[in-house]
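This report refers to the structure that appears directly beneath it.
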Amino acid sequence: MSGFVDILNSIIPSALMLATPLIFTALGGVFSERSGIINIGLEGLMIMGAFVAVVINLELYPILGSTLTPWVSILVAAVIGGLFASLHAVATVTFRADQVVSGVAINFLALGIGLFLIKQIYGKGQTDMIDGGLRSTDIPILEHIPVIGPIFFEGTYYTNWLAVILAFVVWYVIFKTPFGLRLRSVGEHPFAADSVGINVNRMRYIAVMLSGFFGGAGGAIFALTFAGNFSQGTISGQGFIALAAVVFGKWHPIGALGAALFFGLAQSLSVIGGGIPLLEDIPSVYLQIAPYVLTIFALVGLVGRAEAPKSLGTPFVKGSR
Amino acid sequence: MDYVIEMLDIRKEFPGVVANNNINLQVKKGEIHALLGENGAGKSTLMNVLFGIYQPEKGQIRVQGKDVNITSPNIANDLGIGMVHQHFMLVDTFTVTENIVLGSEPKKGLKVNIEDAEKEVKRISDQYGLKVDPKALVRDISVGMQQRVEILKMLYRKADILILDEPTAVLTPQEIDELIQIMKSLVKEGKSIILITHKLNEIMSVADRCTVIRRGEGIETVDVSQSSTSELASMMVGRDVSFKTEKTEATPKEPVLEVNDLVVKDIRNVDMVRGLNLQVRKGEIVGIAGVDGNGQSELIEAITGLRKAESGKILLNNQSIMNLKPREIYNHGLSHIPQDRHKYGLVLDYPVAENMVLQTYYQKPFSSKWSLNFKEIYNHAKRLIQEYDVRTPSESTLARSLSGGNQQKAIIGREVDRSPDLLIAVQPTRGLDVGAIEFIHKKLIEERDKGRAVLLVSFELDEIMNLSDRIAVIYEGEIVADVKPHETNNDELGLLMAGSNKKEGEA
Amino acid sequence: GTNGDSSEGQKDCEPDSSAIKAGIVTDEGGVDDKSFNQSAWEGLKAYGEEYCLDKDEMYGYAQSNQDSEYESNLTRLTQQDYELIFGIGFKLKDAVQTVASQNPDTKYALVDDVAEGDNVASVTFKEHQGSFLVGVAAALKSETGKVGFVGGIDSPLINKFEAGYVAGVKSVDPSIEVDVRYAESFSDAGKGRQIAKSMYDSNVDVIYHAAGGAGNGVFTEAKDIKAGDSEANVWVIGVDRDQYEEGSVDDSNVTLTSMVKRVDVAVQDVIKRTIEGNFPGGEVLEYGLADGGISVADTNEEAYTDEIASKVKEWKEKIQNGDVEVPQTREELEGFVSNLE
Amino acid sequence: MKLQKLTGAWIPVVSIIFGLLAGAIIMLLFGYNPLAGYIALWNGAFETPYFTGETIRLITPYILSGLAVAFAFRTGLLNIGVEGQVLVGWLASVWVGTEFSLPMAIHLPLAVIVAILAGGIWGFIPGYLKAKYQVHEVIITIMMNYIALYSVNAIIRNVLTDRDDRTENVAETASLKVSWLSDLMPNSNVHAGIILALVAALFYWYFIEKTKYGFELKAVGYNPHASQYAGMSVKRNIMLSMAISGGFAGLAGAMEGIGNFGYMTLNNGFTNIGFDGIAIALLGGNTAVGVVLAAGLFGVLKNGALNMPLSAGVPHELVDIITALIIFFVAASYMIILLRHKLIKLYTDFKNKSKKGGANK
Ligand SMILES: Nc1ncnc2c1ncn2[C@@H]1O[C@H](COP(=O)(O)OP(=O)(O)OP(=O)(O)O)[C@@H](O)[C@H]1O
Ligand SMILES: Nc1ncnc2c1ncn2[C@@H]1O[C@H](COP(=O)(O)OP(=O)(O)OP(=O)(O)O)[C@@H](O)[C@H]1O
Ligand SMILES: [Mg+2]
Ligand SMILES: [Mg+2]
């Protein structure tokens with residue numbers, strides 16, 4: 001029994017930690033796709049976020065110290081991510097670009113810009129390790145709850161809980177506020193939205209920039225919790241996994257949260273499996289592919305058909321239908 | 001005389017088309033003003049100009065006597081103009097209330113104040129006698145109710161000038177009557193209405209005046225009480241039109257389609273067809289009359305193989321076709337003019353020619369073992385285009401850029417040309433102008449006279465009465481009456497469709 | 001450009017006329033991978049400075065981003081008249097062999113593996129020996145009796161690190177458990193960190209990583225624990241270069257030591273020999289503890305105590321005397337361990 | 001998803017020019033010489049027959065991965081799984097190439113076919129799951145990529161070798177290296193795969209545009225409802241399309257397996273051949289000719305980029321930026337059309353005004 005609690009104690013925080021950047025990024029994806037814009041560029045947005053966060057972190061740590069630096073880094077990364085995503089918005093909304101193509105371009109561009117600038121700034125292909133990374137803490141009061149406290153609130157990150165809370169905030173925004181109502185109407189039936197005076201293009205701009213904001217934060221958090229520096233391979237596929245979480249979660253913030261957590265859990269199970277006596281003897285490749293296979297099974301068995309926003313992928317051209 | 005709306009010398013061009021050429025439209029306060037014209041005459045375009053969706057190349061718009069420049073629907077809204085579009089502008093996944101308040105939501109703190117909104121919707125809907133359920137999801141409600149939601153949207157925004165673009169094309173007779181009542185009560189409250197419709201009897205019964213448009217040109221504005229349907233029709237088409245479809249007595253022979261005790265479920269797993277029996281014989285047109293949602297779609301989908309039937313029998317030429325694949329069913333001798341031509345009838349991004357072989361492309365002569373024979377495909381299309389009077393620049397024009405009427409003619413040409421034993425036609429004339437309707441009706445009768453069995457589904461009683469040799473009334477998934485058109489009348493049919501016969505029949 | 005590598009300012013020396021034109025082709029990491037590519041480049045730069053040469057005139061590098069670019073890059077340097085070209089990393093083995101056979105007049109050197117050809121010198125390192133010594137250090141440092149190893153991709157080269165390390169640990173105390181895991185990636189820091197976390201959670205207190213960028217995750221985990229509790233006994237052992245900097249957290253440092261592979265030393269050595277006319281074509285040069293090609297970092301004086309240092313020194317001597325034969329594969333390791341008992 | 005066809009070739013051309021101009025501006029801003037940069041780029045791709053050969057070698061798998069993505073796209077499917085399909089195709093070709101000894105006439109075709117089948121199966125799985133369970137192909141293909149990556153590594157380690165990091169070389173009888181091509185471009189790794197790739201493009205064109213199967217696949221892509229109504233099987237076409245798409249990708253893998261490398265090593269990450277294929281397909285407007293040209297552009301840029309740091313001191317990442325910008329410009333072709341429109345309108349307005357001497361308001 002205590003062995004089991006130990007395992008939970010090990011798996012849950014690690015799952016949460018891994019899920020956090022995915023949650024942030026997937027929430028961004030939800031915004032964008034709810035407005036009707038496919039965002040295959042989440043990977044690029046994360047790369048941009050990781051790049052900005054690491055550079056800011058390296059530059060500001062000496063001035064701001066270890067408490068403030070990570071947060072400032074994440075915030076700046078989010079803002080730059082939002083600005084960067086506006087490129088996707090310009091292309092897809094204003095210039096009716098194919099959304100998949102534009103997203104692919106975002107991925108290329110982010111890595112290109114990131115590495116190019118690193119070379120210009122530091123004269124090398126990757127940065128040094130940062131000193132102002134995110135640090136885990138015990139959450140006051142909550143950590144003392146028996147059993148659950150140590151599992152969920154000891155040695156955890158504020159960002160983990162921020163991500164979970166944000167998922168609910170995003171849910172509130174999308175499903176309860178006028179902004180959310182309009183956002184969804186734009187993704188479902190832009191002509192209907194247009195006919196009641198909603199500025200479809202403006203809504204889409206906002207949504208895509210929000211995806212950059214969240215994706216940038218996601219990338220930043222990944223860099224500040226895991227990699228600790230920025231290089232070619234810092235973000236390698238997390239954005240695509242986040243995209244999968246958006247679809248897996250049926251374009252719903254809580255769904256995306258669940259999908260990201262599921263993924264984090266599956267991944268940490270597979271990593272930690274190597275250390276659990278029972279699973280030790282399974283060839284490691286099965287553990288390695290387990291998260292992905294489990295995701296497919298979950299999709300087939302539990303989730304099934306997901307209904308995308310109706311006008312996802314179609315540019316809005318006023319007057320046509 | 002003060003007009004609420006004056007559109008003077010409006011000109012609107014699309015690449016290659018002059019949709020509106022110096023059209024004038026003047027609407028008086030408190031009137032129902034009909035706008036009449038063939039498909040593609042330019043009615044929707046004119047209204048889109050008034051509503052700010054298109055900017056005219058030339059011309060002047062006055063609202064309440066003031067010159068205005070309507071550059072967006074927002075401005076139209078501010079001027080008290082509301083529009084119900086030909087294709088509804090409703091978000092399927094939203095509730096009725098959400099749709100109505102979208103864009104001008106009442107707030108409580110950060111939240112949409114949905115409770116207040118629902119109350120307001122209820123209040124307005126009671127005031128004008130529009131029965132809607134504020135909490136229902138739009139995708140769950142009938143087309144008629146969706147229409148009322150659209151009207152409520154305008155009223156919620158306090159519009160005084162209401163544009164209704166072909167509002168009745170999708171409604172059942174009962175719903176049309178209700179809508180007419182609603183329009184009448186709206187004008188009583190001081191609203192003005194511009195009504196686009198192809199149905200002349202509707203114009204006769206509600207409109208005060210009517211402006212006729214032909215090929216983008218304004219022809220005339222007449223007082224409806226001083227005019228007649230035939231006069232309006234000839235003004236619109238430019239020639240005399242006959243309304244009563246000419247046809248001889250049918251001489252039905254052996255049965256082609258037999259449906260016995262059929263049960264079909266819909267997506268939600270509810271029985272929509274419940275033990276239905278139906279027979280269609282060679283050389284007759286059987287019309288299925290009924291209010292939308294009584295199992296018509298499920299019945300047709302089951303016969304054509306698009307939906308699985310639960311139990312019962314479907315025989316075509318004495319062979320069971322139940323739960324076969326659509327292609328196998330076609331090969332048994334069935335053609336199907338589908339209800340939704342954009343969704344089912346056509347691949348809009350394929351050229352007309354390729355749409356004309358949508359079911360037969362893999363057969364000789366259109367295809368050899370592997371590859372398509374484009375020469376044959378295009379020749380085939382050329383012939384059909386001519387035979388069925390499809391107005392299209394060429395066979396290689398994308399189906400998307402044809403007008404609705406011509407898209408429909410293309411489909412009918414394709415389906416009829418396969419010389420089926422059974423032709424199923426679902427709402428074949430929906431949204432079409434009288435000229436096109438006349439043509440299509442003639443074709444269906446010709447087919448009957450060639451000895452084919454025709455199954456017609458329509459929500460328009462006139463069409464059913466005119467065309468059918470036998471009328472099967474469908475109610476709650478069963479055929480509740482089988483009558484001859486000359487032995488009944490609209491009122492009786494209306495009652496049957498409302499289910500009044502059911503208990504008597506059983507008793 | 002503000003390319004940091006270049007030192008294009010005025011020089012106060014004259015280029016040495018005996019110098020040869022030498023270049024390196026890196027694998028995916030690039031010349032600042034904080035690992036052996038960087039080390040190789042540092043060796044080449046040191047040579048350039050010593051002989052007062054201009055970058056890109058007399059020495060330079062080409063970075064590969066994909067496996068398929070090795071050959072292109074080797075050929076590119078060959079066509080630019082480089083006289084001696086290093087292929088850095090075992091992944092370049094095939095490319096070096098191919099290009100060397102196509103260009104018999106140019107000299108090549110492969111680092112980390114053995115290539116065939118008269119105009120190819122093979123440079124290898126006795127990583128297992130260095131790994132053995134850091135294993136000794138890990139065993140001495142461990143309080144829990146459990147240490148860990150995080151590898152990148154499970155492959156013969158990394159297995160060499162693993163075998164040496166485990167042998168070192170067991171030599172000090174056979175009862176110490178070694179938790180061996182692979183991230184199956186040299187770049188996924190997320191996985192690296194998760195593995196490290198699961199190890200530290202299960203009472204491992206020293207982790208040796210040979211996982212490139214995935215190893216960054218091991219550092220971030222250790223540093224996080226250390227930042228929360230400065231008394232925590234968690235350590236990382238770095239690889240390839242002295243990874244002391246990577247371990248710094250606030251006022252302490254989690255890098256116990258590093259298994260340093262002096263590719264720079266080897267690069268300079270091969271160049272010198274070539275200049276002297278002794279290019280070791282067709283030969284295999286094995287750098288190890290004796291020639292300083294492999295060493296154990298002692299930068300973290302506080303953690304890497306004198307006691308550890310002297311024990312490591314003892315074992316180093318035993319290896320050099322041949323008293324201890326360090327295993328290079330898992331099979332050899334098995335034999336080695338059973339001999340201990 | 002709307003499939004957008006590019007109208008005419010001028011838009012990509014203008015886009016490339018814009019992209020290169022933007023690259024030049026960036027070089028200027030950061031103190032590099034754009035002319036030297038582009039000369040280095042050009043030389044890197046074409047300076048000697050060797051580099052030309054290498055450029056062609058690079059283009060070869062790109063053509064195929066581009067066709068793979070394009071093929072699925074024509075049926076309205078987004079195949080992000082080309083990456084994984086390339087890996088299994090690569091492995092399969094190497095497996096046949098190393099484990100069998102057969103005469104060339106059988107061995108080489110067998111290696112190619114098995115690679116196509118392997119990729120095809122890897123593509124079929126998401127197609128099947130989509131058809132059968134309506135799960136979105138995007139997630140499944142992303143997951144399948146990772147499954148391929150780790151499984152392929154495990155198979156190399158445990159099945160094809162005894163815990164080694166690299167397979168044997170494939171037998172000469174299974175190799176695509178042909179002497180006349182190598183003689184033409186000495187020492188380069190150009191191989192007969194380029195011919196296979198071009199044949200595949202021809203096949204793609206014929207299949208999509210001319211056959212009844214292509215007719216069905218496209219119809220399903222444009223309008224699944226109408227296709228079902230017309231008696232086509234939407235599910236079967238989805239599976240077929242994904243399988244064929246995967247087959248192209250598997251063939252792309254064979255280009256690396258028995259063409260370029262002749263062996264396979266443990267992979268640290270993805271090859272990017274598949275991800276680049278997405279850009280190539282869409283850049284090429286999902287047509288056969290377009291894909292070949294776009295793959296050519298990609299190959300030239302990528303191979304040329306390697307020479308930029310060496311010969312002009314320009315970081316090769318700049319080429320990634322230029323590539324991204326070109327993709328943007330092509331995607332946003334409406335911008336270029338709009339620009340032209342605006343210019344024309346400005347001109348006519350001006351003419352009208354001067355004719356009438358005033359606005360008509
Ligand atoms: N967005 C558009 N682009 C190009 N041409 C158009 C566009 N909208 C309408 N047209 C053309 O303008 C003409 C008028 O079309 P409009 O939709 O106004 O006809 P309508 O009278 O409403 O017909 P219907 O009765 O079928 O609704 C048609 O020839 C049509 O092809
Ligand atoms: N983007 C567009 N480009 C070209 N023509 C268009 C476009 N949008 C609409 N049209 C044209 O507008 C005309 C009217 O279209 P619409 O769909 O209103 O036809 P309709 O006859 O009313 O059909 P339905 O009865 O199905 O509504 C058609 O001729 C169509 O070709
Ligand atoms: Mg219209
Ligand atoms: Mg119409």
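Sequence lines set the chain letters: A, B, ... in the order given, protein chains first and strands last, and positions in each chain run from 1.
- Contacts between C:S248 and chain A at a heavy-atom distance below 4.5 Å involve backbone atoms as well as side-chain atoms.
- Surrounding CD of C:Q66 are more than 12 heavy atoms belonging to other residues, nucleotides or ligands, all under 6.0 Å away.
- Of the residues considered (A:T225, A:V285, A:N229, A:L224), A:T225 shows the highest number of contacts with chain C, using heavy-atom pairs under 4.5 Å.
- Here A:S231 contributes atom OG and C:E28 contributes atom CD; the two are 12.0 Å apart, rounded to the nearest 0.5 Å.
- At most 12 non-hydrogen atoms from other residues, nucleotides or ligands lie less than 6.0 angstrom from CD of C:E334.
- Note that OG of A:S270 is 11.5 Å distant from CD of C:E184, once rounded to the nearest 0.5 Å.
- Heavy-atom distances place both the backbone and the side chain of A:P13 under 4.5 Å from chain C.
- In this structure, the side chain of C:D224 engages the main chain of A:S136 through a donor-acceptor pair within 3.5 Å.
- Counting heavy-atom pairs under 4.5 Å between each of C:G213, C:G192, C:G190, C:A227 and chain A puts C:G190 at the top.
- At a 4.5 Å heavy-atom cutoff, the contact between A:L134 and chain C is made by backbone atoms alone.
- Within 6.0 Å of CD1 in A:I63 there are more than 12 heavy atoms belonging to other residues, nucleotides or ligands.
- Just one residue in the list C:D250, C:I225, C:T220 forms a side chain to side chain contact (heavy atoms under 4.5 Å, CB included) with A:R135, and that residue is C:D250.
- The nearest pair of heavy atoms linking C:R193 to A:F226 is CB-CD2, 3.5 Å.
- If you measure heavy-atom distances from C:D154 to chain A, you find no contacts under 4.5 Å at all.
- Neither the backbone nor the side chain of A:I235 has a heavy atom closer than 4.5 Å to any heavy atom of chain C.
- The candidate with the highest count of non-hydrogen atom pairs below 4.5 Å against chain A, out of C:K197, C:K223, C:K191, C:Q63, is C:K197.
- With values rounded to the nearest 0.5 angstrom, C:E245 atom CD is found 6.0 Å from A:D128 atom CG.
- A:Q238 touches chain C through its side chain: at least one heavy atom from C-beta onward sits under 4.5 Å away, while N, CA, C and O do not.
- The CD atom of C:Q194 lies 3.5 Å from the OG atom of A:S14; values are rounded to the nearest 0.5 Å.
- In this structure, the portion of C:F219 lying under 4.5 Å from any heavy atom of chain A is its side chain and not its backbone.
- For a residue to count as touching a neighbouring chain, one of its non-hydrogen atoms must lie under 4.5 Å from one of that chain's; by this rule A:T137 does not touch chain C.
- Taking C:D201, C:N65, C:I195 one by one and counting their heavy-atom pairs under 4.5 Å with chain A, the maximum is reached by C:D201.
- No part of C:Q38 comes within reach of chain A, as not one of its non-hydrogen atoms sits under 4.5 angstrom from that chain.
- Per-residue counts of heavy-atom pairs under 4.5 Å with chain C were compared for A:S236, A:G233, A:A223, A:A227; the largest is that of A:A227.
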